[in-house]
Amino acid sequence: MQGLLPVIRSFVRWVRRPVQPAVRLWRRNLQLRVVAFTLLMSVGVVLLLGFVVIGQVKNGLLDAKEKAAENQATSGFSIAKTMAERGTQTQDTSGNGTPRTPVDSENWLNSLVEQFSSGGKGVYYIATLSPANAGKSFGEGGAYARGPRGSNGVLPGQSIPKSLSDAVETHTGALEQYTVIRTDSGGAQRGLAIGKRLTDINGTTYQLYYLFPFDQEEKTLGLVKGTLATAGIFVVVLLGAIAWLVTRQVVTPVRMAAGIAERLAAGRLQERMQVTGEDDIARLGESFNKMAQNLQVKIQQLEDLSRMQRRFVSDVSHELRTPLTTVRMAADVLHDARTDFDPATARSAELLQNQLDRFESLLSDLLEISRFDAGAAELAAEPIDLRDVVHRVVDAAEPLAERKGSRVLIRGDAQPVIAEADPRRVERVLRNLVVNAIEHGDGRDVVVRLATADGAVAIAVRDYGVGLKPGEATRVFNRFWRADPARARTTGGTGLGLSIAVEDARLHGGWLQAWGEPGGGSQFRMTLPRTAGDSLRGSPIPLEPDDSRRNRGLNSSGLPGRPAAPQLPSGSPQVPVPRTGTSGAAGGPGGSGTARMMGGANGTPGPGHAPRPPSADPAALPGTGARVVERRDAAREDDS
């Protein structure tokens with residue numbers, strides 16, 4: 001059965017492939033659906049009307065035919081009875097008193113059939129049956145057998161139903177029944193048989209039948225059917241054309257509005273609808289044009305305001321450089337001569353120097369932000385080994401890490417991690433991430449991980465400090481946002497570093513995302529395409545690290561929330577966990593691992609860990625998408 005499933009799926013796909021364009025057209029074309037529904041309902045109405053009309057015409061024709069046939073047959077039966085009675089009287093009253101001589105019944109019946117059929121050729125047939133021959137064909141014998149007779153080649157035995165002949169034999173009145181009239185030429189036609197039991201000139205009983213074919217009635221009914229079919233087709237086509245014209249008057253302005261809306265969304269704000277008339281569609285077009293006009297005005301105002309803001313920031317940044325240069329020169333002189341000043345003045349000179357450094361960084365960041373806002377940022381991509389960039393950033397951050405009591409560990413640098421990227425921008429992003437991790441790591445180690453797979457490269461910076469509260473990972477990339485406004489910027493940050501970093505990642509066509517849990521640290525992950533211009537499908541590094549509380553089976557308080565993972569073999573590298581003292585597992589905060597050589601190549605786990613192939617991360621969304629681990633529910637905490 002399992003082997004048949006792929007075959008069935010392939011067959012279904014093969015069947016659906018030619019149907020998909022028609023289904024797509026049906027879903028997208030409102031006019032087609034309206035016309036199709038109109039035609040379908042019109043066909044239903046025409047068929048219903050045709051059945052009713054044809055039924056009424058058929059019943060009327062049959063009623064008229066039956067009445068005419070009954071009158072004709074009743075008259076014939078009376079004449080046949082009168083002829084038999086007259087023939088008998090003639091034989092009984094002879095002039096010389098001699099006894100009556102019997103007349104040949106067969107000749108008398110032949111004469112009767114010929115006489116009756118002479119006036120109804122093409123209108124009806126005449127047939128006779130004797131009691132012993134009722135319902136039998138020519139050549140069949142019996143007591144008192146006399147062969148059946150028929151006019152104009154009709155076959156009495158095959159045209160007169162046995163049930164009718166039996167009923168006629170037992171009743172004295174005339175009876176009728178629908179039948180199929182057959183002739184010796186092989187023809188067959190529907191008709192009406194009316195028969196009655198009579199006596200011939202010798203007093204012997206026989207059955208006389210009138211057979212009325214429905215040729216004329218069927219021709220009339222066929223003409224009515226053809227007329228109704230022609231009129232029905234004409235009506236359906238006419239209704240379809242009317243529906244198409246009516247819907248076109250409504251759908252065409254809607255399609256026009258949809259096309260203009262798409263062009264407005266593409267930035268062509270001068271597009272407008274052509275309005276004719278004063279009906280509802282015209283009012284809709286006028287309202288649409290007014291909306292587009294107001295939208296164009298508002299967008300133009302916003303563009304002008306944004307342009308003025310960008311120009312203001314750029315002009316101010318440039319204009320401040322000249323006085324800042326002068327102030328920098330004077331501050332450098334004061335800073336160099338601070339040893340000759342009193343302690344208060346010397347401290348003021350140092351503060352002045354530090355704030356000038358921060359002021360220059362702020363101006364540089366403002367200029368960079370203005371370039372991104374204006375769309376003037378350019379990417380100078382070239383093949384680089386990201387390991388070199390990481391090493392430069394870590395070396396530059398080493399003094400700050402020593403002051404904070406942290407170590408920066410690098411993993412996944414055993415093999416080259418090559419990508420087409422702008423080294424200056426990538427280094428700026430990593431510098432922001434590493435410095436922020438050290439500053440907020442509370443003296444614990446910082447782990448930098450590199451990995452490459454599936455056309456993407458990723459660098460993740462993991463710290464074990466205060467972490468991020470729920471919802472903060474989506475705001476951490478906002479300009480001038482601070483998790484703790486009361487926390488001092490000991491490194492002189494401007495509050496624009498992460499905003500510039502996410503713009504740099506976007507400029508590469510990549511992602512910069514954040515994850516964090518309160519008290520469990522945070523991780524920032526930058527994912528870039530290995531080749532400039534390619535699209536990302538996933539990241540080689542998961543956004544949530546393996547040593548998060550949830551992945552280790554702990555609740556928000558750090559207590560076990562589920563059975564602990566099995567012990568790793570002796571000598572296997574342990575997963576880094578936040579430390580509370582000065583010692584810890586290798587590779588973790590305070591661990592005894594070796595910097596820059598922790599773990600396997602490309603960020604893969606060492607022995608004792610099952611390799612996990614990189615796949616599309618559900619949190620790997622374009623832009624600044626991020627994910628924060630929520631607090632565990634109270635039930636788990638109680639169970640622990």
Participant: Quick one, Leu208 and Ile126 - any side-chain contact, counting heavy atoms below 4.5 Å?
Facilitator: yes
Participant: Compare every heavy atom of Gln189 with every heavy atom of Tyr125, then report the nearest pair and how far apart it is.
Facilitator: OH-NE2, 3.4 Å
Participant: Working to the nearest 0.5 angstrom, can you tell me the gap between Gln56 CD and Leu61 CG?
Facilitator: 12.0 Å
Participant: Please check if the distance between the ring centroids of Tyr124 and Phe116 is under 6.0 Å.
Facilitator: no
Participant: So among Val53, Val46, Leu47, which one has a side chain to side chain contact (heavy atoms under 4.5 Å, CB included) with Leu49?
Facilitator: Val53
Participant: Below 3.5 Å, can you tabulate the donor-acceptor pairs from side chains in residues 212-226 to any protein atom, sequence neighbours excluded?
Facilitator:
| residue | atom | partner | partner atom | Å |
| --- | --- | --- | --- | --- |
| Thr220 | OG1 | Gln216 | O | 2.9 |

Participant: List the atom of Met273, the atom of Ala257, and the distance in Å for their closest heavy-atom pair.
Facilitator: SD-CB, 3.7 Å
Participant: Do other residues, nucleotides or ligands put more than 12 heavy atoms under 6.0 Å from the CZ atom of Arg255?
Facilitator: yes
Participant: Using every non-hydrogen atom in the two residues, find where Arg525 and Leu543 come nearest and quote the distance to one decimal.
Facilitator: NH1-N, 3.1 Å
Participant: For Glu503, is there an ion pair with Arg506 - N to carboxylate O distance below 4.0 angstrom?
Facilitator: yes
Participant: CG/Leu129 to CG/Leu109 distance, rounded to the nearest 0.5 angstrom?
Facilitator: 10.5 Å
Participant: Roughly how far, to the nearest 0.5 Å, is the CE atom of Met83 from the CD1 atom of Ile79?
Facilitator: 8.5 Å
Participant: Applying side-chain contact (heavy atoms from CB on, under 4.5 Å), run through Leu39 and Leu239 and close with a yes or a no.
Facilitator: CA-CA 7 Å; Leu39 290 176; Leu239 290 177; 5.6 Å; no
Participant: Is the shortest side-chain heavy-atom distance between His171 and Arg197 below 4.5 Å?
Facilitator: no
Participant: With rounding to the nearest 0.5 Å, note down the distance linking CG in Leu25 to CG in Asn29.
Facilitator: 5.5 Å
Participant: Could you pull out all donor-acceptor pairs under 3.5 Å where a side-chain atom in residues 526-534 meets a protein atom, sequence neighbours excluded?
Facilitator:
| residue | atom | partner | partner atom | Å |
| --- | --- | --- | --- | --- |
| Thr527 | OG1 | Ser539 | OG | 2.9 |
| Arg530 | NE | Thr452 | OG1 | 3.4 |
| Arg530 | NH2 | Thr452 | OG1 | 2.7 |

Participant: Could you tell me whether the side chain of Arg272 and the main chain of Leu269 form a donor-acceptor pair under 3.5 Å?
Facilitator: yes
Participant: Around atom CZ of Phe51, are there more than 12 heavy atoms from other residues, nucleotides or ligands closer than 6.0 Å?
Facilitator: no
Participant: Just wondering, are more than 12 heavy atoms of other shown residues or ligands nearer than 6.0 Å to NZ in Lys65?
Facilitator: yes
Participant: Quick one: do Gln270 and Gln296 satisfy side-chain hydrogen bond (donor to acceptor under 3.5 Å, both in side chains)? Show the steps, please.
Facilitator: CA-CA 7 Å; Gln270 71 280 1; Gln296 181 180 11; 5.4 Å; no
Participant: May I ask you to check whether Asn289 and Gln293 show a side-chain donor-acceptor distance below 3.5 Å?
Facilitator: no
Participant: Calculate, to the nearest 0.5 Å, the distance between atoms OH and OG1 belonging to Tyr206 and Thr128 respectively.
Facilitator: 8.0 Å
Participant: Hey, is the main chain of Lys162 close enough, under 3.5 Å, to the side chain of Ser165 for a donor-acceptor pair?
Facilitator: yes
Participant: Taking Ser75 for its side chain and Asn71 for its backbone only, find out whether a donor-acceptor pair lies under 3.5 Å.
Facilitator: no
Participant: Are Trp108 and Asn202 close enough that some pair of their side-chain heavy atoms sits under 4.5 Å apart?
Facilitator: no
Participant: Do Ser159 and Tyr209 come within less than 4.5 Å of each other through their side chains, counting heavy atoms only?
Facilitator: no
Participant: Do you know the tightest heavy-atom contact between Leu155 and Asp184?
Facilitator: CG-N, 3.9 Å
Participant: Return the minimal non-hydrogen interatomic distance between Gly191 and Ile181, and the atom names on each side.
Facilitator: CA-CD1, 4.0 Å
Participant: Quick check: do Gln274 and Ile260 have side-chain heavy atoms less than 4.5 Å from each other?
Facilitator: no
Participant: For Glu176 and Ile194, which heavy atoms make the closest approach, and how far apart are they?
Facilitator: CB-CG1, 3.6 Å
Participant: To the nearest 0.5 angstrom, please state how far the OG1 atom of Thr179 sits from the CD atom of Gln158.
Facilitator: 10.5 Å
Participant: Show which side-chain atoms of residues 240-253 pair as donor or acceptor with protein atoms under 3.5 Å away, not counting sequence neighbours.
Facilitator:
| residue | atom | partner | partner atom | Å |
| --- | --- | --- | --- | --- |
| Thr247 | OG1 | Ala243 | O | 2.6 |
| Thr247 | OG1 | Trp244 | O | 3.1 |
| Thr252 | OG1 | Arg248 | O | 2.7 |

